[in-house]
Structure formats: structure tokens, C-alpha cells
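Here the structure is laid out as C-alpha cells; the discussion comes afterwards.
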Protein chains: 2
Amino acid sequence: MGVTINDIAKAAKVSPSTISRVIANNPRISAATRERVLKIMKKMNYHPNYIARSLAKKSTRIIGLVVPGSTENSFRHPFFPEILRGIGSVAYKNGYNILISSANTAAEEKQMAKEFAVGGITEGIILMTSMIKDPAVSELKKLKFPFVVVGRPQDQNEVNWVDNNNFSISYELTNHFIAQGYKKIAFLGVSYEYTVTIDRLEGYKKALEDNGFEFDADLIVEGKFIDDKGYDLMNKLIEKDITPDAVIAIDDLIAFGVIAAIREKGLHVPGDIAVAGFNNAPLSEYMTPSLTSVEVNAFTLGVKAFELLLADIESEHKSFNRAIVPGELIIRKSSIKTF
Amino acid sequence: MGVTINDIAKAAKVSPSTISRVIANNPRISAATRERVLKIMKKMNYHPNYIARSLAKKSTRIIGLVVPGSTENSFRHPFFPEILRGIGSVAYKNGYNILISSANTAAEEKQMAKEFAVGGITEGIILMTSMIKDPAVSELKKLKFPFVVVGRPQDQNEVNWVDNNNFSISYELTNHFIAQGYKKIAFLGVSYEYTVTIDRLEGYKKALEDNGFEFDADLIVEGKFIDDKGYDLMNKLIEKDITPDAVIAIDDLIAFGVIAAIREKGLHVPGDIAVAGFNNAPLSEYMTPSLTSVEVNAFTLGVKAFELLLADIESEHKSFNRAIVPGELIIRKSSIKTF
DNA sequence: CTTATTTGCGCAATCGCTTGCACAAATTAT
DNA sequence: ATAATTTGTGCAAGCGATTGCGCAAATAAG
């Protein structure tokens with residue numbers, strides 16, 4: 001089918017090794033033969049077979065990206081594409097391509113991660129998960145395969161990871177409400193399986209504590225990032241006859257639903273209930289009222305993730321590194337007290 | 001490093017071929033040895049090397065995804081992640097993984113597509129481009145490599161492609177405005193390099209024509225999907241002292257900017273100027289006013305793209321196929337005439 | 001003008017797995 | 001009981017590259 005290195009060798013009347021060395025720019029090849037070979041390669045429309053090369057060199061220049069659940073679900077949230085953008089931007093510069101796994105369950109995710117690792121396809125893996133106990137993480141740890149996790153993992157000192165300063169940014173956001181005189185601040189969308197929500201919840205608690213507020217478990221509503229709708233979560237609160245004066249949603253998409261639920265009750269945002277989210281969804285600034293949120297710089301998270309991964313791949317001596325990408329509180333109208 | 005098929009062979013005191021046949025579930029292997037080998041494989045923690053297998057079998061179970069410009073830019077728009085979701089959902093079921101190219105220029109894009117194809121890495125390529133003259137398309141055509149284009153390509157009868165019914169859906173949208181009595185309908189974000197915008201523009205023109213309206217070139221503003229801001233495009237119109245009573249934006253993200261520009265002039269949407277977009281961005285329904293748009297079912301586009309590609313990869317006799325995924329006009333408040 | 005280096009290239013093993021062919025042993029047919 | 005099949009494995013040649021080692025010719029050093 002394709003023309004191989006041997007075909008070129010024959011045509012150029014040299015050995016295949018010479019061709020290989022021409023391709024590799026090996027200085028031991030004379031300028032004359034180099035030129036001649038290159039010309040023949042061009043004429044015969046030769047292109048190296050990456051699979052064969054990878055086998056021989058034991059290096060593929062491919063990194064794996066394993067996303068939680070299926071790509072089908074994950075990419076529904078703008079956060080993931082942003083990460084991918086970030087990874088892609090640096091990966092390209094370093095000559096790496098990205099292989100995306102498709103898996104549906106946590107078990108499959110682990111399986112895919114394993115195959116990527118032991119199968120010799122990828123040189124390293126970026127794991128987009130922040131589940132407290134992720135089977136893929138323990139698997140990769142066991143295999144001693146280069147990988148980095150996006151989102152603080154439980155065993156944070158034994159893996160590479162990148163994350164935001166979720167604790168402090170949530171602390172800051174909560175303080176923003178308190179400073180304006182809000183007293184009954186609800187926190188919606190907590191899932192104890194994800195460190196990201198745990199960290200944000202802790203920041204919230206600490207802010208309450210530092211301001212002499214009592215923590216009220218009734219103001220916390222559990223729910224998942226992607227699967228649950230903010231509308232339903234807010235209604236859970238309403239059904240229990242609890243009316244906060246401010247709501248922190250774990251994600252902007254949740255916040256949108258929250259606002260819808262509030263309005264359905266005839267109340268106003270921020271007049272009656274102030275609202276803020278996280279992750280600064282693309283359109284949060286365009287809504288009415290514009291939504292206070294936290295920019296998590298997902299793009300940068302992706303960049304840092306790749307950089308850590310590359311360092312891991314290239315380093316001789318294992319060490320575990322992390323990168324904390326600061327989030328930025330973006331105060332907009334939905335959280336500003338009106339008089 | 002890893003344990004190979006030979007290690008297993010030695011441990012099981014059989015030949016490597018037998019191991020390979022066990023893995024391949026070849027019926028000529030007796031149940032007894034099969035069991036024994038499987039047990040040893042498990043115990044020694046063996047996993048097949050996909051690179052070696054791919055080389056031997058000349059099949060990788062990987063498809064390539066080539067995106068226009070860099071992933072860095074493309075994934076900024078929700079459309080691409082949606083396509084990816086769709087592709088991923090079917091690819092997974094068929095045991096395919098997805099390799100994403102990162103390229104910055106059209107030339108690099110062509111180069112990547114070529115490498116994916118001739119390099120033996122991928123078995124087929126999905127090209128996310130709808131540029132009129134895409135060098136990657138002609139390259140792949142020349143190579144006779146399986147690929148499908150997302151977006152109607154110029155040589156639509158000589159490649160596989162998927163797309164929306166852009167012409168008719170745009171026709172419908174324009175009619176929606178006309179039916180309500182709008183008379184001066186602007187069309188923002190036309191780029192003559194992309195068939196998608198051309199098709200939509202044609203639908204718009206046809207609707208004007210069918211209703212006895214004269215086409216007014218002054219109402220057309222050129223601009224690019226991702227790079228240009230709707231705010232600037234709308235201001236180009238305003239600067240020329242042209243005030244339409246309705247605006248069709250080539251994309252919702254453009255529409256958002258358009259609305260901002262309109263408001264800055266002290267005008268109202270839809271009171272003074274009605275607005276509609278395309279691609280039904282996730283938050284279009286939540287804005288105030290909610291934005292009339294066209295759902296393009298990008299997920300389905302991705303699904304169809306993969307299906308066509310798979311058919312191409314597996315088919316003996318080449319034929320060119322297409323899939324038209326209907327878009328749906330979603331009428332919301334931004335385009336409803338108020339009295 | 002030797003001897004030591006450097007330069008330029010070929011040999012052949014290797015990367016880990018697949019597969020057509022061969023062939024003995026076991027099974028079935030005659 | 002012999003011939004014809006079927007069953008179960010092994011041999012060895014690929015797949016298309018890379019690379020350590022060796023060696024002759026060219027160049028530099030003494």
C-alpha cells in the first residue's frame with residue numbers, strides 16, 4: 001500500500017538505515033546523500049509510518065485525556081472544552097496529539113485509563129476528574145504511569161494535580177455576601193464525592209465562622225454539577241419553606257435554574273434573593289441581571305495540566321507536583337444589594 | 001519494561017502464536033490451554049501492546065478529528081464540543097478512540113490531516129471545516145483516505161459530508177420576520193469562505209425574493225464566526241447610519257454582541273430591533289429577552305459524521321454519502337413583535 | 001609517511017504482535 | 001483397520017521503522 005522506507009532505500013541504492021538517519025537528521029549522513037534521499041522521498045511521496053516508528057522508538061507523542069463519564073456528558077459543560085483548549089494549545093507546541101477516551105462508567109473510565117497506559121499508546125494521561133475516590137487514579141498510581149489529575153485528588157501528595165484555590169475563592173465569595181449584610185446564605189449543589197465542591201463548601205463555612213455566623217445545615221442542598229438542575233435544587237429549599245436571602249450555586253448553570261425558580265415564586269434577583277455561581281459561564285455576563293461568578297480559568301488549568309504532565313514524562317526522578325490556578329471573583333449585579 | 005506476549009508464552013510453555021490466538025479468541029485453541037494462558041496472563045498482569053498490534057494488523061481503531069484553526073480557538077464555540085460529544089458517543093460503542101489534531105493554520109491543518117492519514121495512525125478522519133476551499137479536503141481526496149466533512153464542502157458530490165439544511169432553515173427564519181411585518185432585515189456575520197454562511201445567506205435572499213422584497217447589500221455585514229464580535233459588526237451598521245428593524249446574526253454569540261450594541265444606542269430588543277441568531281447557544285433561552293435561534297443539533301451531526309465515516313472505512317466499494325440533519329427554528333422573545 | 005580519528009554508511013537485531021502454512025495427534029468416516 | 005478430516009500448536013516471516021556495532025574510506029595528527 002504505502003511506500004515504505006525500504007522502497008526509498010532501494011530507489012536510492014542505500015540501506016534503510018540511511019533513510020532512517022536522513023529522516024532523523026543524523027549528522028553522520030553526508031549532505032550529498034541526504035539531498036538525494038530527500039528528493040527521492042518527495043518524488044515517491046513517502047511519509048513515515050508513525051505506528052512503526054512508535055513501536056521502534058517506544059514513544060508515540062500522544063497523550064491521553066480521560067474524561068469522567070462519557071465525552072457525551074462531560075462536554076456538555078463548557079468547563080471541559082475550555083480545559084481541552086488549554087491542553088491543546090500547549091500540546092501542539094510540543095508536538096503532542098491528544099487521544100480522548102470515551103467511557104461511560106467509572107469502571108470503564110478506569111479500564112480506558114489502564115489501556116491508554118499499558119497499551120503503549122499514550123505517554124501520559126490527563127485525568128479530568130475530581131472525585132474523592134477515583135478508581136482510575138489508583139490504577140494509574142499503581143502502574144506508576146505519568147499522569148496528572150485536574151481537580152484536587154484525595155491523595156494529593158502522591159499524584160500530580162492542578163486545581164483552583166477553591167477554598168479561598170469560595171471564602172471570598174461568601175464574605176462578599178456577608179459584607180453586604182446578607183445573613184441567610186444558602187449553598188446549592190454540594191456533592192461530597194467531589195473535592196471541588198467540598199473545598200468550596202469549606203471555604204463557605206470558614207467565612208461564616210470568621211464572621212460569627214452559625215452554620216445551618218438546612219441551607220445546604222446536595223446535587224450534582226451536570227445532572228441536576230438548579231431549578232430543582234432551589235425548589236427543594238422552597239418546599240421546606242426555607243427562604244434564604246442569598247444563594248451560592250456550585251455552578252453558573254445551576255444558578256440559572258435557581259434564578260428561574262426564584263422568579264417563579266414571584267421573587268426578584270437580587271432584590272429578594274441574591275445569587276452567585278461558579279465557573280463564569282460564557283453568557284453569565286450577558287444575562288439580566290448579570291451573574292456574579294468565579295472565573296476559574298479553565299484554559300490555564302489545561303495548560304498547567306499539560307505542563308506538569310510533560311515534566312513528569314520527561315523527568316528521570318519521580319516527584320509529585322501541583323499547580324494552583326487562582327480563580328477570580330467577578331462581582332456582577334446578581335449579588336449587589338439593592339435598596 | 002512491560003510484560004510481552006513472549007513472556008507469557010514462556011511461562012505457559014507454548015508458542016507466542018498460541019497466546020496471540022487466545023487473545024483473539026481463535027476457536028482452534030483448546031479450552032484447556034485457553035484457560036491456562038488466561039490465568040497466567042492475569043497473574044503476570046499482561047496487557048497487549050496496541051502499537052505492536054496496530055502495526056501487525058494495520059488497523060488502529062483510532063479516528064482523527066481535525067479542527068479548523070487550533071483546538072485553542074475552535075473549542076471556544078459550543079458547537080465544536082457538541083460535535084465532539086456526538087462523535088464520542090458512537091465512536092465509543094464501536095470501539096474507536098478519537099485523536100484530536102492541534103493545528104493553527106490551514107496549512108498546518110492540511111499537514112496534520114495528511115499525517116493522520118498516511119502515517120497509519122488513524123483509520124479515518126472527520127474534518128470540522130466548512131471552508132469553501134479547504135486544502136485538507138483536497139489533500140485527503142487525493143489520498144483516497146476515508147474521511148467525512150462536517151459542513152457542506154464545495155465539491156459536495158465527491159466527499160462524504162454532514163450538514164444542516166442551512167438554506168431552508170434560514171429561509172424559514174427570515175420568513176418568520178417577514179410574516180410579522182419586519183421590513184428591513186439585516187444579516188450579520190457573513191463570510192464568503194464558509195459554505196454555512198453562504199447557504200444561510202442564500203436562504204435569506206430567497207425568502208426576501210419570495211416575498212417581493214428587494215435585496216439590499218447594505219444590510220449585509222461580513223464577519224467571522226469566532227473572531228469577530230457582534231458588537232463591532234452591529235456598530236458597523238450603525239456607523240453607516242443604517243438602522244434595521246430586525247437582525248439575523250450568523251451565530252448566537254454574535255447576536256449577544258448585537259444586542260449589547262443596540263442597547264448602547266438606547267434602543268430596545270425586540271421593541272426597536274428584533275434579533276435572532278443561529279446555533280442555539282446553551283444560554284440563549286435564559287437571557288432577557290430570550291433569544292430566537294436555530295437549534296442545529298450539533299450532537300446529531302457528530303453522530304452522523306461518525307456513522308458515515310465508519311461506513312466508508314468498512315466499505316469495499318467507494319461511494320460518497322451525506323447526511324442532512326434538520327435544524328429547528330426556536331422562536332423566543334427577541335423576535336416577537338411587541339405592540 | 002605512518003598512525004589515529006573522523007566520516008559515511010551497511011548489517012542485522014529489535015520493538016511486540018499477527019497469521020499463513022505445516023504437521024502431528026486425535027477424531028471420524030469408510 | 002486404514003484413510004480422510006478435524007483439532008491444536010508451532011515455525012517463521014512479516015508489519016515499518018530504529019539503532020548499536022562494525023568497518024572501509026577519507027581526513028587529521030604526529
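Order of the sequence lines fixes the chain letters, A, B, ..., with proteins taken first and strands second; residue numbering starts at 1 for each chain. Being a predicted model, the structure only gives us computed values, none of them experimental.
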Please work out which residues in residues 32-53 of chain A have a non-hydrogen atom less than 4.0 Å from an atom of DNA chain D and list them by number. A:Tyr46, A:Pro48, A:Asn49, A:Ala52, A:Arg53
[X]: which residues meet the side chain to side chain donor-acceptor pair (under 3.5 Å) condition with it, sequence neighbours left out?
| X | value |
| --- | --- |
| A:Thr4 | none |
| A:Gln111 | A:Glu115 |
| A:Ser59 | A:Glu123 |
| B:Asn6 | none |

Would you kindly give the CD1-to-C1' distance between B:Ile29 and C:dT18, to the nearest whole Å? 13 Å
Which residue pairs pass the salt bridge (Lys or Arg N to Asp or Glu O under 4.0 Å) test when at least one of the two sits in residues 298-312 of chain A, sequence neighbours left out? A:Lys304-A:Glu307, A:Asp312-A:Lys318
Using side chain to side chain contact (heavy atoms under 4.5 Å, CB included) as the criterion, list what pairs up with A:Gln154, not counting sequence neighbours. A:Ile132, A:Lys133
With sequence neighbours excluded, what pairs up with B:Glu158 under the salt bridge (Lys or Arg N to Asp or Glu O under 4.0 Å) test? B:Lys141
I'd like to check the salt bridge (Lys or Arg N to Asp or Glu O under 4.0 Å) partners of B:Asp7; sequence neighbours left out, ordered by chain and number. none
Close N or O pairs between protein and nucleotides 21-23 of chain C (under 3.5 Å):
none

Anything under 3.5 Å between a protein N or O and an N or O of nucleotides 25-27 of chain D, put it in a table, one pair a line.
none

Pairs under 3.5 Å (Watson-Crick or G-U), crossing ones as [ ], inter-strand ones as |: DNA chain C comes out as ||.|||||||||||||||||||||||||||
Does B:Thr4 make a side-chain donor-acceptor contact with the base of C:dC17, cut-off 3.5 Å? no
